[in-house]
Undergrad: 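Mind having a look at this structure? Questions to follow.
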Amino acid sequence: MAPLAQTAVLAEIPPHAAYLFFSLKNPQQLIACLQKLGEFCIEHNALLGIGPALIQNPALKSALQHRNFKNQDIHYQNTDLLIWLRANDPGEIYWQSATITELLADTFTLQHNQPAFCYQDGRDLSGYEDGTENPVDADAQAAAIIAQGPLAGSSFFIVQRWLHQLAAFKKQPQSVQDNIIGRRLSDNEELDDAPESAHVKRTAQESFTPEIFMLRRSMPWATDNNAGLMFTAFVTDVSKFERMLARMTGEEDGIQDALFSFSSIQSTGYFWCPARHNNKLDFSPCGIIQ
Ligand code: HEM
């Protein structure tokens with residue numbers, strides 16, 4: 001049977017989620033531990049991603065390397081393992097987090113548990129619809145899942161935490177807010193006369209040569225005092241994300257994405273998400289000795 005992607009790759013955004021970031025504590029039994037975790041993830045439609053430090057295969061490891069950006073620190077964090085939990089209610093997320101943390105206790109330490117949620121059918125907390133120009137069906141598959149070769153069925157997953165200054169953003173006239181995004185809040189129409197700094201002008205997927213398509217699955221997060229977006233995207237090559245981010249940061253033409261006027265990057269991580277083969281996650285491309 002041909003390898004398939006993990007179900008979370010093409011699934012819609014769930015009502016509730018959590019991103020669990022783990023670091024390796026004890027490499028003994030690593031593969032056995034990952035296999036058990038893989039079974040849990042398949043059963044619960046959670047996503048499992050592996051960070052560069054756990055990967056021995058030099059080609060795959062280097063495919064996860066990050067570059068530096070001239071105008072922005074992306075606060076890259078070398079995380080060993082990521083689990084994206086997805087459920088209908090926060091109680092389910094709690095129980096899944098507790099079960100996983102116990103399952104991994106001998107091998108991994110939980111570094112951070114970041115809850116997230118779906119706001120108004122998929123809006124960012126600024127109020128703007130997020131995901132409108134996402135590719136769909138076969139195009140989504142092509143953007144998110146490697147089609148051929150030894151990595152067929154796997155994906156790269158970008159996880160970037162953004163912190164918003166929402167009070168200041170919302171105090172601005174509606175037309176200024178719309179020009180920051182490049183779409184009208186009231187009807188989500190793209191603004192033809194938006195400034196070059198508008199987010200959708202910076203990121204227009206077809207404006208790159210070659211074109212850059214990615215499958216975004218971002219979710220808002222909020223605590224007592226802070227709020228923002230867990231920007232996440234599946235790509236077949238990390239450099240696609242980096243080329244787009246380079247333009248957002250003004251490396252191409254000195255124009256920075258207007259998003260930076262109210263939001264900032266707090267952390268970035270890159271992960272490789274193994275394919276499913278015979279209903280098991282296939283860790284063999286990692287090159288970890290069993
Ligand atoms: C604070 C963080 C961000 C927010 C609030 C945000 C929000 C949005 C919104 C509201 C849209 C318009 C609707 C849509 O097509 O989805 C959009 C489009 C888009 N964003 Fe973001 N975004 C963020 C970060 C990023 C980053 C880091 C990237 C990639 C480097 C990115 C890539 C894209 C792409 C590819 C589009 C579609 C552009 C097109 O082809 O029209 N976004 N984003």
Side-chain angles (χ1 to χ4, degrees), residues 12-13 66-67 69 71-76 114 116-136 139-140 142-144 156-166 168-170 174 177-192 194 196-222 226-252 255-270:
E12 293 299 320
I13 287 164
H66 68 283
R67 53 158 286 193
F69 294 84
N71 306 322
Q72 277 290 329
D73 185 349
I74 62 165
H75 302 281
Y76 189 85
Q114 173 67 60
F117 51 87
C118 178
Y119 173 56
Q120 293 188 340
D121 287 333
R123 288 171 194 256
D124 173 61
L125 285 170
S126 59
Y128 289 86
E129 279 182 31
D130 195 6
T132 312
E133 290 295 335
N134 256 337
V136 291
D139 293 338
F156 293 100
F157 191 45
I158 314 293
V159 181
Q160 189 162 59
R161 180 169 135 137
W162 288 71
L163 172 68
H164 291 352
Q165 304 301 329
L166 286 169
F169 178 73
K170 282 291 168 195
Q174 193 55 55
Q177 295 178 38
D178 289 354
N179 275 336
I180 289 174
I181 301 296
R183 284 184 178 266
R184 236 181 352 240
L185 179 72
S186 56
D187 58 5
N188 197 29
E189 270 306 304
E190 197 166 338
L191 303 173
D192 290 335
E196 283 306 314
S197 58
H199 178 54
V200 300
K201 282 219 166 166
R202 297 277 96 194
T203 55
Q205 293 161 103
E206 283 156 1
S207 68
F208 291 83
T209 318
E211 295 173 342
I212 299 177
F213 289 102
M214 58 175 76
L215 186 62
R216 288 167 293 131
R217 289 291 187 243
S218 309
M219 298 185 74
W221 64 270
N226 292 318
L229 187 73
M230 291 299 287
F231 169 85
T232 66
F234 291 101
V235 280
T236 53
D237 181 342
V238 163
S239 70
K240 292 186 179 176
F241 164 77
E242 292 193 327
R243 278 169 54 218
M244 193 175 275
L245 190 63
R247 188 192 276 174
M248 285 176 66
T249 63
E251 261 182 35
E252 273 183 19
I255 302 173
Q256 232 195 16
D257 195 307
L259 273 186
F260 287 104
S261 66
F262 81 98
S263 195
S264 53
I265 300 170
Q266 289 197 304
S267 66
T268 304
Y270 299 162

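Numbering of ligands and ligand atoms starts at 1, following listing order. Note that the structure is predicted; figures quoted are calculated from it, not measured.
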Undergrad: Decide yes or no on salt bridge (charged side-chain N to carboxylate O under 4.0 Å, His left out) for K201 and E196, but give the supporting numbers first.
TA: CA-CA 6 Å; K201 282 219 166 166; E196 283 306 314; 3.5 Å; yes
Undergrad: Spell out, as yes or no, whether a donor-acceptor pair under 3.5 Å connects the side chain of R161 to the backbone of G228.
TA: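 Not at all, since once roles are kept as given, no pair shorter than 3.5 Å links the two residues.
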Undergrad: For atom 33 (C) of ligand 1, grab the closest protein heavy atom and report residue, atom and distance to one decimal in Å.
TA: R216 CD, 3.5 Å
Undergrad: Which atoms of ligand 1 sit under 4.0 Å from any heavy atom of Y128?
TA: 10 (C)
Undergrad: What pairs of residues pass the salt bridge (charged side-chain N to carboxylate O under 4.0 Å, His left out) test when at least one of them lies in residues 123-136, not counting sequence neighbours?
TA: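 Of all non-adjacent pairs touching residues 123-136, those that pass salt bridge (charged side-chain N to carboxylate O under 4.0 Å, His left out) are R123-E129, D130-R216, E133-R183.
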Undergrad: For atom 27 (C) of ligand 1, find the nearest protein heavy atom and state the residue, atom name and distance (0.1 Å precision).
TA: Q160 OE1, 3.5 Å
Undergrad: Ring centres of F260 and W162 under 6.0 Å apart?
TA: yes
Undergrad: Distance from F156 atom CZ to F241 atom CZ, nearest 0.5 Å?
TA: 14.0 Å
Undergrad: Is the number of heavy atoms from other residues, nucleotides or ligands under 6.0 Å of D121 CG greater than 12?
TA: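 At most 12 heavy atoms, drawn from other residues, nucleotides or ligands, come within 6.0 Å of this atom.
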Undergrad: Considering only protein heavy atoms, which is closest to atom 16 (O) of ligand 1, and at what distance to one decimal place?
TA: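 The closest heavy atom on the protein side is G131 N, 2.5 Å.
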Undergrad: Just which atoms of ligand 1 are under 4.0 Å from any heavy atom in S263?
TA: 1 (C)
Undergrad: Using a 4.0 Å heavy-atom cut-off, say whether E129 meets ligand 1 through its side chain, its backbone, both or neither.
TA: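 Looking at E129 and ligand 1, just backbone atoms fall under 4.0 Å.
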Undergrad: Answer side chain, backbone, both or neither: which part of L229 comes under 4.0 Å from ligand 1, heavy atoms only.
TA: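 The answer is the side chain.
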Undergrad: Could you walk me through whether D237 and K240 pass the salt bridge (charged side-chain N to carboxylate O under 4.0 Å, His left out) check?
TA: CA-CA 6 Å; D237 181 342; K240 292 186 179 176; over 6 Å; no
Undergrad: Which of the atoms of ligand 1 are close to F241, meaning less than 4.0 Å from one of its heavy atoms?
TA: 30 (C)
Undergrad: What is the nearest protein non-hydrogen atom to atom 20 (N) of ligand 1, stated with its residue, atom name and distance?
TA: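 Looking at atom 20 (N) of ligand 1, the protein heavy atom closest to it is H199 NE2, 3.0 Å.
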Undergrad: At a 4.0 Å threshold, what atoms of ligand 1 neighbour a non-hydrogen atom of V200?
TA: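 Taking each heavy atom of V200 in turn, ligand 1 has 12 (C) under 4.0 Å.
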Undergrad: Between D124 and ligand 1, which part of the residue brings a heavy atom under 4.0 Å of the ligand: side chain, backbone, both or neither?
TA: side chain
Undergrad: Identify the closest protein heavy atom to atom 41 (O) of ligand 1: which residue and atom is it, and at what distance?
TA: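 Among all protein heavy atoms, the one nearest atom 41 (O) of ligand 1 is E133 CG, 3.3 Å.
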Undergrad: Hey, are H75 and S267 close enough side-chain-wise for a donor-acceptor pair under 3.5 Å?
TA: no
Undergrad: Using a heavy-atom cut-off of under 4.0 Å, does the side chain or the backbone of N134 touch ligand 1, or both, or neither?
TA: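 Under 4.0 Å from ligand 1, N134 contributes no heavy atoms.
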Undergrad: Does ligand 1 have a heavy atom under 4.0 Å from the side chain of M248, from its backbone, from both, or from neither?
TA: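 Side chain only.
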Undergrad: Can a donor-acceptor pair be found, under 3.5 Å and without considering hydrogens, that links the side chain of T232 to the backbone of R217?
TA: yes
Undergrad: Tell me: protein heavy atom nearest atom 2 (C) of ligand 1, and distance?
TA: W162 CD2, 3.5 Å
Undergrad: Short N/O distance, under 3.5 Å, between Q205 and ligand 1?
TA: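 Yes; at least one N/O pair falls below 3.5 Å.
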Undergrad: Between the main-chain N or O of L229 and the side-chain N or O of S218, is there a donor-acceptor pair closer than 3.5 Å?
TA: no
Undergrad: Can you report which non-hydrogen protein atom sits closest to atom 14 (C) of ligand 1, along with the distance?
TA: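 Going atom by atom, the protein heavy atom closest to atom 14 (C) of ligand 1 ends up being T132 N, 3.2 Å.
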Undergrad: Do any heavy atoms of H164 fall under 4.0 Å from ligand 1?
TA: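 Yes; H164 lies near enough to ligand 1 that a heavy-atom distance drops under 4.0 Å.
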Undergrad: Can you tell me if T203 uses its side chain to pair, donor with acceptor, with the backbone of H199 under 3.5 Å?
TA: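 Judged by distance alone, yes, a pair lies under 3.5 Å.
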Undergrad: Can a donor-acceptor pair be found between the side chains of Y128 and D178 at a distance below 3.5 Å?
TA: yes
Undergrad: Just to confirm my output: which protein heavy-atom neighbour is closest to atom 26 (C) of ligand 1, and how far is it?
TA: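 The closest one turns out to be F231 CE1, 3.4 Å.
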